[in-house]
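Quick one: structure below, then a few questions.
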Amino acid sequence: MGNDVYILGVGMIRFGKYAEKSVKQLTAEALQALFEDFPVEKRDIQAAWFSNSGWGMNTGQHCIRGQVALAPLGIQGIPIVNVENACAGGSTALREAWLSVKAEQFDLVLAIGVEKTWFPEDKAKMFEGFLSGMDVEFARKVIEAFQADAARRAREAGAEGKEKKGGHSGFMDVYAMGARAHMQRYGTTQRQLATIAAKNHHHGSLNPLAQYQRDMSVEEVLEDALVAYPLTRSMCAPIGDGAAAALLGSERALRKYPHARPVRVLASVLASGSLPGSGLESIGRRLSREAYEKAGLGPEDIDVAEVHDATAFGELMQYEELGFCPEGEGGPFAESGATRIGGRLPVNTSGGLECRGHPIGASGIAQVHELVTQLRGEAGPRQVEGARIALAENGGGFIGMGEAAMCIHILERV
């Protein structure tokens with residue numbers, strides 16, 4: 001018997017704004033969905049990894065978050081590991097759970113991500129919390145400069161006067177600066193970014209678990225309120241709450257549960273970003289190469305992908321980082337229709353972070369939920385025909401001008 005690792009079950013709630021619900025309630029709902037997908041006795045779960053970033057900041061629950069959330073649900077006494085890795089927390093929990101099975105320490109383990117980011121009674125605190133996903137000292141110094149540059153470029157493009165009200169995450173300013181640099185270097189256009197967002201809004205309209213389920217045209221995306229030039233509101237992930245979970249098992253577990261609809265994990269990799277001048281390649285290029293090597297595949301073998309599109313530019317950047325298209329050609333690649341359902345390589349069939357939603361610690365496992373659904377052939381109107389190999393890329397935070405953490409998973413239909 002080998003030591004392959006399988007995802008045996010997945011579950012998530014519809015992401016949204018649940019001001020009245022606690023982290024404990026969201027955890028319970030995600031687990032209920034998981035056990036509906038893969039009925040198993042809780043006592044058979046041997047270990048758990050719990051991803052969350054903001055519970056401590058928002059309510060004071062800084063420690064033992066997984067134990068506090070899971071024990072009332074009957075998951076207790078086992079090893080429970082708390083994971084915080086910014087937006088890559090969920091995929092990091094999945095990676096560590098995978099590693100424990102790969103090392104033959106356990107046969108059945110849980111990875112779960114839960115987050116509340118919507119606190120309408122204190123929006124200033126809500127937005128301030130996102131800065132903790134960066135080097136806070138650095139971020140406070142540069143965000144103001146980024147915002148001034150965005151305003152100047154918006155005036156030059158004739159896009160001023162329609163700014164979004166109510167504030168936004170500082171991450172949007174960093175992404176917008178990256179987008180403007182890409183536009184200047186490669187000729188990428190705001191319309192190409194809108195093409196990506198419109199595609200994701202269409203995909204999200206087909207997903208009953210997406211936070212946003214409204215189809216939008218390219219023109220509607222372009223005409224939406226400006227967040228930070230060139231990003232309009234429809235090009236940016238919304239603020240919201242959510243939870244997603246997965247059960248991973250060994251070949252021994254697979255034999256024990258013949259009712260499973262398993263998906264094999266071909267590669268699970270994790271890396272950290274680097275500061276300018278480090279001499280290292282970008283994290284996406286380094287990590288995707290490692291993932292492809294471990295899986296024995298290349299970017300041309302991927303049938304469907306979920307990538308970290310906290311903004312439309314984030315998705316465009318990952319086209320290039322992951323080798324889906326040459327450097328600088330992400331805009332034309334999007335315009336070609338290749339990444340739509342029915343295209344050569346559908347990306348973010350769930351609607352992505354832009355539409356499915358982005359509750360920080362849950363997003364990475366939600367990506368895997370979508371890909372497992374696709375590989376099982378159970379995605380309904382958004383099904384990618386013949387999907388056999390899937391890739392999930394989940395970035396977290398910023399260090400320097402790139403992601404601070406990233407996980408990539410490559411999955412295979414069994």
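Small disclaimer: the values here were computed from a predicted structure and weren't measured.
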*Do any N or O atoms from the side chain of Gln383 and from the backbone of Ala379 form a donor-acceptor pair under 3.5 angstrom?*
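The answer is yes, because a donor-acceptor pair under 3.5 Å joins these two groups.
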_Going by side-chain contact (heavy atoms from CB on, under 4.5 Å), name the residues that satisfy it together with Ile365, two or more places apart in sequence or in a different chain._
Ala111, Ala244, Ala246
*Please name all residues satisfying salt bridge (Lys or Arg N to Asp or Glu O under 4.0 Å) with Arg382, sequence neighbours left out, ordered by chain then number.*
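Expected list: Glu370.
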*asked:* For Phe38 and Tyr257, take the angle between the two ring planes, folded into 0 to 90°, and tell me which bin it lands in: parallel under 30, tilted 30 to 60, perpendicular over 60.
replied: perpendicular
*Go through the structure and list residues passing ring pair (Phe, Tyr, Trp, His ring centres under 6.0 Å) with His358, not counting sequence neighbours.*
His308
_Inter- and intrachain pairs under salt bridge (charged side-chain N to carboxylate O under 4.0 Å, His left out), touching residues 200-217, at least two apart_ =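 Listed by first then second residue: Arg214-Glu220.
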_Taking ring pair (Phe, Tyr, Trp, His ring centres under 6.0 Å) as the definition, give me every residue that meets it alongside Tyr6, ordered by chain and number, with sequence neighbours left out._
none
_All ring pair (Phe, Tyr, Trp, His ring centres under 6.0 Å) counterparts of Phe106, not counting sequence neighbours_ = none
_Per the salt bridge (charged side-chain N to carboxylate O under 4.0 Å, His left out) rule, what does the pair list look like for residues 296-312, sequence neighbours excluded?_
Glu306-Arg356
*ring pair (Phe, Tyr, Trp, His ring centres under 6.0 Å) with Tyr186: which residues, sequence neighbours excluded?*
His182
*By salt bridge (Lys or Arg N to Asp or Glu O under 4.0 Å), which residues pair with Glu41, not counting sequence neighbours?*
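Counting only residues at least two positions away or on another chain, Glu41 forms a salt bridge (Lys or Arg N to Asp or Glu O under 4.0 Å) with Arg43.
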*Which pairs count as side-chain hydrogen bond (donor to acceptor under 3.5 Å, both in side chains) when at least one residue sits in residues 328-337, sequence neighbours excluded?*
Gln192-Glu335
*By salt bridge (Lys or Arg N to Asp or Glu O under 4.0 Å), which residues pair with Arg388, not counting sequence neighbours?*
Glu412
*Using the test salt bridge (Lys or Arg N to Asp or Glu O under 4.0 Å), find all partners of Glu327 that sit at least two apart in sequence or belong to another chain.*
Arg285
_Is there a side chain to side chain donor-acceptor pair (under 3.5 Å) between His203 and Thr349? Walk through the geometry before answering._
CA-CA 5 Å; His203 290 176; Thr349 54; 5.8 Å; no
